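Below is one structure, written out as structure tokens; comments come after it.
In this chain, residues are counted from 1 in sequence order. Predicted, not measured: the structure shown is a model, and the values here were computed from it. Start at 1 and go down the list; that is how both ligands and their atoms are numbered.
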Amino acid sequence: MPPAHVTSVATFYKSFSLAPRGRHICTVCMGTACHVRGGATVLEHFERKLGLRAGQTSPDREVTLERVNCLGACALAPLAVIDGRYHGQMNESKADKVLQPILRAGGPAPDAGSGPEDGEAL
Ligand code: FES
């Protein structure tokens, strides 16, 4: 099989990655529905809390932050997926709560804010 064919498949599907990904995968949707309902603010908050930009993996390979353009659950917008679990109507306080176990395990990012401040249900 020609290497170009392998590369084309590996770069086409989001399930494959040419770079190592983190143990935890955080995905924030930036599709139209999520964007108009505050997806950009959610993504910025994830970036700030994790100390990563969208598309980056932490140096210790604990966390990868990804941005996607619709997860097919627009009614839940804005939407984030943490390790395969969907979290709808995402906002900053919910993000703090869902990121808490990840940040606790790997420690907060150097420029991350303080820990979660409320116990809001998902
Ligand atoms: S736009 Fe986010 S799930 Fe569709």
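Rounding to the nearest 0.5 angstrom, the gap separating the CD atom in Q100 from the CD1 atom in I102 is 11.0 Å. Within the model, atoms NE2 of H35 and SG of C70 stand 14.0 Å from one another, a figure rounded to the nearest 0.5 Å.
Set against the non-hydrogen atoms of A33, the atoms of ligand 1 under 4.0 Å away are 1 (S). Under a 4.0 Å criterion applied to the non-hydrogen atoms of A73, ligand 1 contributes the atoms 3 (S). Close approach of ligand 1 to C74 is summarised as follows: ligand atoms under 4.0 Å from at least one heavy atom of the residue are 1 (S), 3 (S), 4 (Fe). Residue-ligand proximity, G72 to ligand 1, at heavy-atom distances under 4.0 Å covers atoms 3 (S).
Counting only heavy atoms of the protein, atom 3 (S) of ligand 1 lies nearest to L71 N, 3.3 Å.
For the ligand labelled ligand 1, residue A77 lies outside the 4.0 Å heavy-atom shell.
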Which pairs of donor and acceptor atoms, one on a side chain in residues 24-32, lie under 3.5 Å apart (sequence neighbours left out)?
unit_1	atom_1	unit_2	atom_2	d
H24	ND1	D83	OD2	2.7
T27	OG1	E66	OE1	3.4

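No side-chain donor from either of H45 and N91 sits under 3.5 Å from a side-chain acceptor of the other.
Residue side and main chain included, C34 places an N/O/S atom under 2.8 Å of atom 2 (Fe) of ligand 1.
Under 4.0 Å from ligand 1, the heavy atoms of C29 that appear belong solely to its side chain.
Residues R48 and E92 are paired through a salt bridge, judged by an N-O separation under 4.0 Å between the basic side chain and the carboxylate.
Taking both residues in full, the closest heavy atoms of E47 and A54 are given as OE2-N, 3.0 Å, listed atom of the first, atom of the second, then distance.
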